[in-house]
Amino acid sequence: MIPYGRQFIDDEDMQAVVDVLRSDWLTTGPAVEAFEQAVAGYVGAEYAVAVSNGTAALHAAMHAIGIGPGDEVIVPPLTFAATANCVVYQGGVPVFADVDPQTLLINPEAIEAKITPRTRAIIAVDYAGQPCDYDALRSIAESHKLKLVADVCHALGAEYKGHATGTLADMSIFSFHPVKHITSGEGGMVTTNYPELYQRLHRFRNHGISVDHHQRQEKGTWFYEISDLGYNYRITDIQCALGRSQLKKLPEFLKRRKKIAEYYDGALKDIAHLTPLTVSPEVSHAYHLYVVKCDFEHLQITRAKLFQEMREKGVGLNVHYIPVHLHSFYQRAFNTAGGLCPVAEKVYDQIVSLPMFYGLKDEDMHRVISCLKEVLGKHQ
Ligand SMILES: *Cc1c(COP(=O)(O)O)cnc(C)c1O
């Protein structure tokens with residue numbers, strides 16, 4: 001069975017983990033800082049805070065910019081639910097702005113139409129690994145005095161106009177779940193260039209504890225202060241050692257993903273009613289996902305049947321994503337409904353993610369395409 005995504009772990013990764021297990025620090029030790037510095041250095045950001053997963057990183061970002069009850073945060077509907085859930089954790093209201101039908105990235109014009117006096121921030125999502133139009137997003141954020149947060153969980157290693165993701169917004173959020181470019185098992189990170197945001201993220205990860213050395217000197221070495229409400233969102237040294245070891249392989253990982261995407265792009269030209277997403281010439285795409293739009297109205301097969309028949313041939317497909325506003329929780333809690341984001345809703349019926357991961361061999365990607373052709377050919 002060819003899955004749609006899979007991690008790649010080598011002996012060096014395993015050794016890095018074993019080294020930590022033999023060391024004095026399993027958590028809050030030197031491997032955490034080393035991983036933070038490695039990612040900050042890679043993307044070119046001043047600060048990085050590693051946390052237990054990407055969702056915790058999003059939550060920490062919402063806390064850091066002070067999102068609270070009634071505050072509105074604009075998010076795209078075509079993303080993993082965590083992008084919107086993090087707003088709700090803080091008592092805020094996620095407001096869905098529709099996507100562009102060609103790239104499936106949040107549409108700047110749709111954002112402007114959703115801005116109200118209660119809007120505080122925008123969370124952009126670099127869907128599939130393609131950076132959004134950050135010039136447009138930054139200009140909207142500046143003119144309306146909004147914070148710009150980038151959910152770059154799909155886009156480690158991507159670039160917009162030569163600038164790496166992780167530096168294009170006030171804060172950027174990474175995930176190191178096994179399906180992402182590099183993994184730490186579970187793990188997440190926020191990068192920023194703002195020292196005050198860095199301090200808030202740091203405290204939030206550890207119960208809101210501030211370690212003020214001056215206070216400790218005055219009040220005793222046992223003293224610490226809970227200055228905000230925080231959580232235990234710490235990540236272990238074990239995970240960070242794995243993450244840092246993986247990061248060394250990222251250039252190779254990205255190269256392979258691009259190669260696979262190039263092959264799919266070429267192969268899909270011969271298949272009627274299947275179209276890849278548009279890629280802007282201004283970006284370097286990181287290809288977390290390879291998404292194809294299938295015009296099922298003109299194909300003689302349903303998506304469910306396509307999934308089933310591909311599965312029988314040993315090829316795993318997926319769909320990214322069910323529009324977040326259509327989930328029953330959002331319908332109940334925020335009165336969202338079908339019709340709110342017509343582009344995302346229409347495209348949701350068409351999208352299929354093909355297998356895309358570093359370890360996908362040439363013969364596997366050839367098989368994906370030949371199986372697709374066979375299944376679609378059978379249903380002409
Ligand atoms: C993976 C992902 C997340 C959440 O990351 P976890 O590490 O699984 O919590 C958030 N947003 C997007 C777009 C993702 O793909």
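Remember, it's 1-based here, ligands and their atoms both numbered in the order they're listed. Below, all heavy atoms of this structure are taken into account, side chains as well, without hydrogens, waters or symmetry copies.
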Asp151 to ligand 1: N or O pair under 3.5 Å?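 Yes.
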Return a yes/no value for Gly54: is any of its N or O atoms, backbone included, closer than 3.5 angstrom to an N or O of ligand 1?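 Yes: some nitrogen or oxygen of Gly54 is under 3.5 Å from one in ligand 1.
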Any donor-acceptor pair under 3.5 Å from Arg203 side chain to Leu229 backbone: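 Absent.
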Is Phe174 near ligand 1, meaning one of its heavy atoms is under 4.0 Å from it? no
Taking 4.0 angstrom as the limit and counting only heavy atoms of Thr79, give me the atoms of ligand 1 inside it, by number and element. 13 (C)
Please could you name the atoms of ligand 1 that Tyr321 approaches to less than 4.0 Å, counting only its heavy atoms? 15 (O)
For Ile235, run the side-chain contact (heavy atoms from CB on, under 4.5 Å) check against Val32, Val49, Val51 and tell me which one passes.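 Exactly one candidate clears the test, Val32.
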Compute the ring centroids of His207 and Tyr231, then answer whether they are less than 6.0 Å apart. no
Check whether the ring centres of Phe35 and Phe176 lie less than 6.0 Å apart, and answer yes or no.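 Yes, ring centres under 6.0 Å apart.
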According to the interplanar angle, ranging from 0 to 90°, do the rings of Phe96 and His325 count as parallel (below 30°), tilted (30 to 60°) or perpendicular (above 60°)?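 Ring orientation of Phe96 relative to His325: tilted.
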Look at the rings of Phe204 and His63 and say which category their plane angle falls in: under 30° parallel, 30 to 60° tilted, over 60° perpendicular. parallel
Could you tell me whether Thr83 approaches ligand 1 through its side chain, its backbone, both or neither, with non-hydrogen atoms closer than 4.0 Å?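 Looking at Thr83 and ligand 1, just side chain atoms fall under 4.0 Å.
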Taking 4.0 Å as the limit for heavy-atom contacts, which would you say applies to Tyr127 with ligand 1: side chain only, backbone only, both, or neither?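 For Tyr127, there is no contact with ligand 1 at all, from either part.
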For atom 14 (C) of ligand 1, which of the options Lys180, Glu186, His177, His288 provides the nearest non-hydrogen atom?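 The nearest heavy atom belongs to Lys180.
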In the protein, which heavy atom is nearest to atom 4 (C) of ligand 1, and how far is it? Thr55 OG1, 3.6 Å
Considering only the protein, which heavy-atom contact is closest to atom 5 (O) of ligand 1, and what is its distance? Ser175 OG, 3.3 Å
Hydrophobic cluster identity match, Val20 and Leu242, side-chain contacts under 4.5 Å: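 Yes, because Val20 and Leu242 connect within a single hydrophobic cluster, where side-chain heavy atoms sit under 4.5 Å apart.
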